[in-house]
Amino acid sequence: MSLEQQVFTAGVVGAGGAGFPTYKKLTPGADMLIVNAAECEPLLASDRYLMRHRAAEVVAGARAVADACQIPQIVIGTKSHYTREIAALQAAIADQGSAIRIHGVDSFYPAGDEQVLIFEVTGRSVPPGGLPGDVGAMTINVTTAANIAAAMAGTPVVRRLVTVTGEVSRPVVVDAPVGATAADLIGAAGGATVDPYVIVRGGPMMGKLVDGSHAATVGYGKADGGLIVLSADHPLVRFVAKPVDRALNETKSMCIQCQMCTQLCPRYLIGHQIRPHRVMRALQNGIDDALTDALLCCECGICELYSCPMGLSPRKMNVYVKGMLRAQGVTVDDHSVHPAQTDERAYRRIAQSRFIDRWKLGAYPTSIEDCVRLDPDEVRLPTRHGVGMAARPCVAVGDRVAVGDTVAQVDFGQVGAPVHASIDGRVSEVDDAHITILREERPS
């Protein structure tokens, strides 16, 4: 069986957040494989833990991809201050006799953005609206690399590491089955220490807010690496929860066109013609000649969580405009790169510590040593794990399943990934979005 087929069968997706089905990437043509080990978001520690304890799997998975896709160079891009992680990777590289190179980057946000990391490692800018292959690169997340190694041994993606931090009794990395609920993950960290609370699903910069009252019904998927518990009145929660109509009214009445959102935009600084201040101005004056800039937004949040002196929401406005344009069938038509925009990039990168201080997150650890294993009595398996289509359930209520059994399927060639049971038990609920399994001990 080819590596492509093994990775498909195991249901491997991009574990860094996007969830793109990995098997669709495994085609020849790149001259460099970049393993993204820069853990983009502040406070998240799962990838760091993986590198310290499962470096051999990371290296084996990366080597397998390079061999299968005939890629001559492998580079692991990680943060220079991850000294223990780098040491573990170097030891695994030496043990396996590989020529993998480690490239250290500074601790800025968003160092783990795919296109930003490609620029850091190669000096090349992926064209606006383009793909890494346009500059001869292929990227995979560090956890994805480990999952590829497991797939080669016939093990599907049924567990993942999740950072659980914030207002919990004991911040930990949780080794959890796919589909573990937010409530069980929080319980593994000793429970929430505030009430009411809000869950940030992901990291503090790009994560989605979920009211804590829904914790028991939110199943974590293959691409979900973080859970942050914050008080419902935390300033970050209040800002991110701002309604779109309020943000639009503030844009029309308060934007001073200082251009800081553009000057600090990571995609602008690798040469893309994304200028959030022009989008804001277009919304103010009703002239839409600049609205297409919004299509290039990666939604990192720097423009609104750091740059804007008026407390406005350029990211929210970019997302709002992108939705309108895509509904009209508008796509990126200017793929040119503007190298002069990169000249001051080194002086405009924002240290992660600044976000942590700005949004009062300094009470929470940035590195976590403890890992606990979670084996809950119930999982809610999402049928869709990021980019692409949802898998089709192939089980029914009452069916008995074992860990690793396929419970939802897509066809080979489709942009999606099969889903596997992550606990032994019986299927208790099936719908288009989730498959719920209740634990049941299998007869010996």
Side-chain angles (χ1 to χ4, degrees), residues 14-18 34-62 74-93 100-114 116-117 120-121 139-150 157 159-166 168 170-176 185 188-189 200-207 220 222-228 351-353 355-356 361-374:
I34 300 175
V35 180
N36 189 340
E39 198 138 45
C40 195
E41 288 265 14
L43 305 186
L44 300 194
S46 306
D47 284 353
R48 293 187 69 178
Y49 185 90
L50 180 94
M51 286 186 275
R52 292 197 299 272
H53 297 279
R54 295 168 57 188
E57 297 169 50
V58 173
V59 171
I74 305 173
V75 178
I76 299 176
T78 191
K79 292 176 181 172
S80 298
H81 75 277
Y82 287 1
T83 53
R84 288 187 298 153
E85 292 78 8
I86 290 172
L89 290 168
Q90 288 174 330
I93 291 167
I100 295 175
R101 175 169 64 88
I102 296 177
H103 183 99
V105 301
D106 293 335
S107 183
F108 66 92
Y109 177 81
D113 173 87
E114 178 181 69
V116 169
L117 187 63
E120 287 283 322
V121 172
T139 61
I140 57 173
N141 174 267
V142 64
T143 296
T144 306
N147 287 340
I148 289 170
V157 181
R159 300 188 71 88
R160 72 150 298 144
L161 298 176
V162 182
T163 303
V164 183
T165 188
V168 293
R170 180 170 65 109
V172 290
V173 173
V174 181
D175 178 356
L185 288 165
V200 182
R201 186 174 185 170
M205 299 296 292
M206 298 181 70
Y220 263 56
K222 303 175 188 180
D224 294 321
L227 187 161
I228 304 171
Q352 277 203 359
S353 59
F355 294 104
I356 291 172
L361 302 171
Y364 316 128
T366 56
S367 179
I368 297 174
E369 300 298 326
D370 293 340
C371 181
V372 298
R373 181 181 173 91
L374 175 63

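- Looking at Glu85, His103, Met51 one by one, the single match for side chain to side chain contact (heavy atoms under 4.5 Å, CB included) with Thr78 turns out to be Met51.
- In this view, Gln352 satisfies the side chain to side chain donor-acceptor pair (under 3.5 Å) rule with no residue, not counting sequence neighbours.
- Within the 4.5 Å cutoff, side-chain heavy atoms of Asp370 are placed close to those of Arg170.
- Glu57 contributes atom CD, which lies 8.5 Å from atom CG of Asn147 (distance to the nearest 0.5 angstrom).
- Considering every non-hydrogen atom in both Ala145 and Ile140, the closest pair reads CB-CD1, 3.8 Å.
- In terms of modelled atom types and a separation under 3.5 Å, the side chain of Tyr49 and the main chain of Arg54 share no donor-acceptor contact.
- Looking at heavy atoms from C-beta onward, Leu185 lies in side-chain contact with Leu374 at the 4.5 angstrom threshold.
- In this view, Gln90 satisfies the side chain to side chain donor-acceptor pair (under 3.5 Å) rule with no residue, not counting sequence neighbours.
- Of all heavy-atom pairs spanning Val164 and Ala189, the tightest one is CG1-CB, 3.7 Å.
- Considering only heavy atoms from C-beta on, Leu50 comes within 4.5 Å of Thr143 through its side chain.
- Within the 4.5 Å cutoff, the side chain of Asn141 has heavy atoms near those of the Asp47 side chain.
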Test side-chain contact (heavy atoms from CB on, under 4.5 Å) applied to Val105 and Leu117, step by step = CA-CA 8 Å; Val105 301; Leu117 187 63; 4.2 Å; yes
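- With contacts defined as side-chain heavy-atom distances shorter than 4.5 Å, the pair Leu361/Ile228 does not qualify.
- Looking at Ile100 and Ile76, their side chains come closer than 4.5 Å, going by heavy atoms from C-beta outward.
- Between Val59 and Ile93, the closest heavy-atom pair is CG2-CG1, 3.8 Å.
- Looking at Val172, Val174, Leu161 one by one, the single match for side chain to side chain contact (heavy atoms under 4.5 Å, CB included) with Cys371 turns out to be Leu161.
- With Glu41 contributing its side chain and Met206 its backbone, the two residues share a donor-acceptor pair below 3.5 Å.
- Ser46 contributes a side-chain N or O that, together with a main-chain N or O of Thr163, makes up a donor-acceptor pair within less than 3.5 Å.
- In plain terms, the two heavy atoms of Leu44 and Gly226 that are nearest each other are CD2-CA, 3.8 Å.
- Between the side chain of Arg160 and the main chain of Lys222, a donor-acceptor pair closer than 3.5 Å is present.
- Contact annotation: the side chain of Tyr109 approaches that of Pro42 to within less than 4.5 Å [non-hydrogen atoms, C-beta and beyond].
- Listed here is the closest heavy atom pair of Val121 and Arg101: CG1-NH2, 4.4 Å.
- Rounded to the nearest 0.5 angstrom, Leu43 CG and Tyr364 OH are separated by 8.5 Å.
- Judged as a side-chain contact (heavy atoms from CB on, under 4.5 Å), and not counting sequence neighbours, the contacts of His81 are Arg48, Lys79, Ser107.
- Nearest heavy atoms, Gly14 versus Ala223: O-CB, 3.6 Å.
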